[in-house]
Amino acid sequence: MGFFTEMFARPRPQEHLRYRAALALLNAMSNADRADIGIKPADFPRIAREMSIR
């Protein structure tokens with residue numbers, strides 16, 4: 001049981017902060033910017049996940 005307590009009690013990794021920042025950046029882009037690079041709002045979570053891993 002100690003393992004589960006430690007696993008859930010430890011702070012989250014920094015990826016979630018980078019994920020939120022990447023998602024905010026994608027949401028801040030204008031429609032013209034998104035059209036230029038060819039992404040749609042449905043792609044945002046996948047792209048933000050990829051950006052947070054790097």
Side-chain angles (χ1 to χ4, degrees):
M1 286 304 277
F3 171 75
F4 288 113
T5 303
E6 180 184 342
M7 184 173 75
F8 292 115
R10 82 171 56 147
R12 290 183 170 182
Q14 294 299 315
E15 286 92 21
H16 85 285
L17 296 174
R18 290 193 299 260
Y19 176 81
R20 294 178 106 182
L23 205 52
L25 176 72
L26 291 168
N27 282 323
M29 294 173 70
S30 69
N31 288 336
D33 290 337
R34 291 184 218 148
D36 285 343
I37 59 175
I39 62 171
K40 297 187 177 356
D43 298 327
F44 287 3
R46 178 184 53 82
I47 294 170
R49 245 187 333 280
E50 291 172 359
M51 290 172 68
S52 69
I53 292 171
R54 295 181 189 170

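Predicted model, so just to flag it, every value in this text is computed and none were measured. Computed from heavy atoms alone, side chains included, the values below leave out hydrogens, waters and symmetry copies.
With hydrogens and angles disregarded, no donor-acceptor distance shorter than 3.5 Å links the side chain of N27 to the backbone of A24.
By the salt bridge (Lys or Arg N to Asp or Glu O under 4.0 Å) test, R18 is found to be paired with E15, residues two or more places apart in sequence or in another chain being considered.
Among residues at least two apart or in separate chains, there is no salt bridge (charged side-chain N to carboxylate O under 4.0 Å, His left out) pair with a member in residues 27-38.
I47 belongs to a hydrophobic cluster whose remaining members, ordered by chain and number, are Y19, L23, L25, L26, M29, I37, I39, F44, M51; membership requires side-chain heavy atoms of ILVMFWY residues under 4.5 Å apart, directly or through intermediates.
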